[in-house]
Structures are given as structure tokens and as C-alpha cells.
Enquirer: 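First the structure, which I've put down as C-alpha cells, then a few questions once you've had a look.
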Amino acid sequence: MSFSDRLVERLARADRVAVLTGAGISAESGVPTFRDPGGLWQKFKPEELANVEAFLRNPELVQGWYAHRGEIIRSVAPNPGHYALAELEQAKRHFHLATQNVDGLHLQAGSQNVAELHGNLRRIYCIDCETPASEHDLAVIEKGETARCMSCGGLLRPDVVWFGEMLPHDAYAEAYLAARQADVYLSVGTSGAVYPAAGLPIEAKRNGAYVAEINIQPSEIAFQLDETVLGQSGEVLPALLQAILGF
Ligand code: OAD
């Protein structure tokens with residue numbers, strides 16, 4: 001696999017590297033994406049599943065859908081793309097990884113400085129008293145019953161960001177700062193369709209970073225970035241890592 005000299009040189013020399021990932025990086029692990037053919041939003045309607053009104057209207061349906069996605073996530077493992085980013089972090093003095101994914105696979109692969117912009121599906125909590133739920137409560141959801149808080153009886157929800165909700169403040173603030181300070185910014189496996197996350201690579205570019213995206217097709221924001229490396233992230237990222245380590 002060959003890369004542009006500019007990308008290899010800039011990434012090899014970079015002191016500060018920041019990365020944004022989306023569903024595409026986990027596709028090779030077997031986690032469905034949202035907008036690709038056959039993706040989640042082609043089969044399901046976000047307005048029926050991914051907002052608080054839908055949850056209050058039909059908690060069992062929404063809990064069941066997230067429990068199903070939780071089952072998928074617990075059955076998969078990080079792929080070479082996740083591991084390459086964890087290694088890249090070790091090779092750099094300053095490294096930040098912002099992910100829109102709720103699967104926890106970056107942390108599982110060993111990445112440390114990670115901001116989960118859209119939360120984490122493995123955590124659930126009570127909408128009334130905010131107590132985190134236990135494994136037992138999770139098992140109830142998996143049996144298809146309405147899962148309720150053991151302490152107060154409130155409804156349990158996944159700790160993910162739904163449409164109309166704010167991103168976790170600290171996670172977004174650190175991702176934004178890392179984008180502004182980056183020498184090189186990588187946008188990996190994201191359609192660039194959902195803001196504010198999609199604005200991060202653009203913000204990095206505006207502040208002087210060299211910004212490359214890695215995707216099987218150009219994203220919606222590709223024209224605003226420096227280059228698109230076409231390919232599967234599980235192949236491109238390990239090859240890119242080798243290229244810069246040998247620079
Ligand atoms: P999308 O499903 O919108 O986009 C996935 C991107 O990954 C597409 O651009 C694909 O071309 C690319 N892709 C697929 N397989 C790939 C591979 N093996 N290697 C590299 N790229 C690949 O997913 P996101 O951009 O993550 O939000 O979507 C953003 C947000 O929209 C999600 O976090 C979710 C969704 O609604 C919430 O639920 C709040």
C-alpha cells in the first residue's frame with residue numbers, strides 16, 4: 001500500500017496527532033455501521049429508537065434494540081485498525097482519539113487518551129436517580145422485559161447520546177482542543193454527516209493541521225480536508241503506521 005509523501009512525512013514528524021473515528025473503524029470487527037448499504041439507519045428509524053421521547057413512549061422497544069446492539073458488541077473484538085491507533089498513541093508525545101462509537105473497542109485495544117463523544121453502550125443508568133445499573137439489570141433487558149432501576153424503579157437507559165441531546169461536555173471540550181492543536185488529524189471511518197463531531201477535522205484544518213481521512217469512499221466533508229486515503233481502516237492504518245515508523 002502506498003501513501004502520499006506529504007502524509008507520511010507530516011505524520012512521522014508530528015508532535016501532536018489527533019484522530020476522529022466513526023462506525024467504519026469497527027465495521028471489520030462485525031459492528032454494523034449506520035449509513036452504509038444495509039446499515040442500521042436503513043433498517044431502523046432513528047426517530048423511533050434514538051431519542052428520549054421514543055424511549056418514554058416505548059421503553060421496551062428501545063431497551064430491546066440497545067440490548068441487541070450490546071450483545072453484538074460483547075461478541076466482537078478490536079481489529080487491526082483499533083490496534084494500529086493504540087500503537088500510534090505510544091509513538092507520539094501528544095495523542096488524542098475522539099470516537100463517535102459506543103462499542104468501547106478503542107479502550108479494549110489499549111488506546112488511553114480517548115473521548116467517547118456519543119457515550120458507551122456498555123453502561124446503563126437510571127433516568128430518575130442516575131444510579132448506574134448492574135449486570136443483573138442488563139440481563140433483564142436482554143430477556144426483553146422493561147428494565148427498571150433496583151433502587152428507585154425508574155427506567156434504565158443506555159449511556160449513549162441520543163438525537164437532540166448534548167454531547168458529554170468534557171469529552172467534546174478535550175476533542176475540540178486536540179483538533180485545534182493537532183499537527184496532523186486523521187478522520188477514520190466516518191461519513192461526516194453528524195455534527196458537532198464532523199466539525200472536528202474541519203476545525204483542525206482551519207488551525208493548520210494536515211488532515212487526512214481514511215474511508216472506503218470519500219465522506220461528506222472530504223472536499224474540506226487535505227486528502228482521502230481510500231481503503232478499509234483495518235488495512236490502511238497498520239500500513240500507515242509501518243510507513244511512519246520506517247520513515
Ligand atoms: P456512518 O454509518 O454514518 O458512516 C460510516 C462510514 O464508514 C462511511 O463513510 C463508510 O464509507 C465508512 N466505512 C465503512 N466501512 C469501512 C472500513 N472498513 N474502513 C473505513 N471506512 C469504512 O457512521 P458514523 O459516521 O460513525 O450517532 O455516524 C455518525 C453518527 O451517526 C453515529 O455516532 C450515530 C449515528 O446516528 C448517534 O447515534 C448519536
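Read the numbers this way: they start at 1 and go in the same order the structure lists the ligands and their atoms.
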Enquirer: Give the residue, atom name and distance (to 0.1 Å) of the protein heavy atom nearest atom 16 (C) of ligand 1.
Expert: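 For atom 16 (C) of ligand 1, the nearest protein heavy atom comes out as Gly24 O, 3.5 Å.
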Enquirer: Answer yes or no: does an N/O atom from Ala23 fall short of 3.5 Å to an N/O atom of ligand 1?
Expert: yes
Enquirer: Okay, side chain of Gln100, backbone of Ala197: is any donor-acceptor separation there less than 3.5 Å?
Expert: no
Enquirer: Suppose we measure from atom 28 (O) of ligand 1 to each protein heavy atom; which comes out shortest, and what is that distance?
Expert: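 That would be Arg35 NH1, 3.1 Å.
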Enquirer: For atom 30 (C) of ligand 1, find the nearest protein heavy atom and state the residue, atom name and distance (0.1 Å precision).
Expert: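 Looking at atom 30 (C) of ligand 1, the protein heavy atom closest to it is Val194 CG2, 3.7 Å.
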Enquirer: Which ligand 1 atoms are under 4.0 Å away from a heavy-atom of Ala27?
Expert: 15 (N)
Enquirer: If you have a sec, work out which protein heavy atom is nearest atom 11 (O) of ligand 1 and how many Å separate them, to one decimal?
Expert: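 Checked against all protein heavy atoms, atom 11 (O) of ligand 1 sits closest to Asn215 OD1, 2.6 Å.
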Enquirer: Among all protein heavy atoms, pick out the one at the shortest distance from atom 36 (O) of ligand 1; state its residue, atom name and that distance to 0.1 Å.
Expert: Trp41 NE1, 2.8 Å
Enquirer: Check each heavy atom of His118 against ligand 1 and say whether those closer than 4.0 Å belong to the side chain, the backbone, both or neither.
Expert: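 Looking at His118 and ligand 1, just side chain atoms fall under 4.0 Å.
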Enquirer: Gln100 to ligand 1: N or O pair under 3.5 Å?
Expert: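 Yes: some nitrogen or oxygen of Gln100 is under 3.5 Å from one in ligand 1.
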Enquirer: When Phe44 is tested against each of Tyr66, Phe34, Trp65 for ring-ring contact (aromatic ring centres under 6.0 Å, His included), which residue passes?
Expert: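 Only match with Phe44 under ring-ring contact (aromatic ring centres under 6.0 Å, His included): Trp65.
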Enquirer: Any idea which of Pro32, Ser233, Gly189, Gly22 brings a heavy atom closest to atom 5 (C) of ligand 1?
Expert: Gly189
Enquirer: For Trp162, does its backbone N or O pair with a side-chain atom of Asn51 as donor and acceptor, under 3.5 Å?
Expert: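 Flag not set: sc Asn51 to bb Trp162 has no pair under 3.5 Å.
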Enquirer: Using a strict threshold of under 4.0 Å (side-chain N to carboxylate O), is an ion pair present between Glu116 and Arg123?
Expert: yes
Enquirer: If you measure from each heavy atom of Gly231 to ligand 1, is any distance below 4.0 Å?
Expert: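 Checking ligand 1 against Gly231, which is what was asked, there is a heavy-atom contact under 4.0 Å.
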Enquirer: With heavy-atom distances below 4.0 Å as the criterion, list the atoms of ligand 1 near Asp36.
Expert: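 In order of numbering, the contacting atoms are 5 (C), 8 (C), 10 (C), 11 (O), 14 (C).
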Enquirer: Counting only heavy atoms, which portion of Glu28 has something under 4.0 Å from ligand 1: side chain, backbone, both, or neither?
Expert: side chain
Enquirer: Considering heavy atoms of the protein only, find what lies nearest to atom 32 (C) of ligand 1 and give residue, atom and distance to 0.1 Å.
Expert: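 Residue, atom and distance for the closest contact: Phe34 CE1, 3.6 Å.
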Enquirer: Check each atom of ligand 1 against the heavy atoms of Val161 and keep those under 4.0 Å away; list them by number with element.
Expert: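 What qualifies from ligand 1 is 39 (C).
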Enquirer: Any atoms of ligand 1 less than 4.0 Å from a non-hydrogen atom of Phe163? List them with their elements.
Expert: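 By the 4.0 Å cutoff, the relevant atoms are 36 (O).
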Enquirer: Any carboxylate oxygen within less than 4.0 angstrom of a Lys/Arg side-chain nitrogen, looking at Asp15 and Lys92?
Expert: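 Salt bridge flag = no for Lys92 with Asp15.
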Enquirer: I'd like to know if Glu9 pairs up with Arg13 as an ion pair, taking the criterion as any Lys NZ or Arg NE/NH1/NH2 lying under 4.0 Å from an Asp or Glu carboxylate oxygen.
Expert: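 Salt bridge: yes.
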Enquirer: Return yes if a side-chain donor-acceptor contact under 3.5 Å exists between Glu203 and Tyr185, otherwise no.
Expert: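 Looking only at side-chain atoms, Tyr185 and Glu203 do not form any donor-acceptor pair under 3.5 Å.
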Enquirer: Using a 4.0 Å heavy-atom cut-off, say whether Thr190 meets ligand 1 through its side chain, its backbone, both or neither.
Expert: both
Enquirer: Tell me whether Arg157 is salt-bridged to Glu165, with the criterion being a basic N under 4.0 Å from an acidic carboxylate O.
Expert: yes
Enquirer: Taking atom types as modelled, is there a side-chain donor on Glu220 or Ser191 under 3.5 Å from an acceptor on the other?
Expert: no
Enquirer: Indicate yes or no: does Arg16 engage Asp183 in a salt bridge with an N to O separation below 4.0 Å.
Expert: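 No.
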Enquirer: Going by distance alone, is a donor N or O of one side chain under 3.5 Å from an acceptor N or O of the other, for Gln181 and His94?
Expert: no
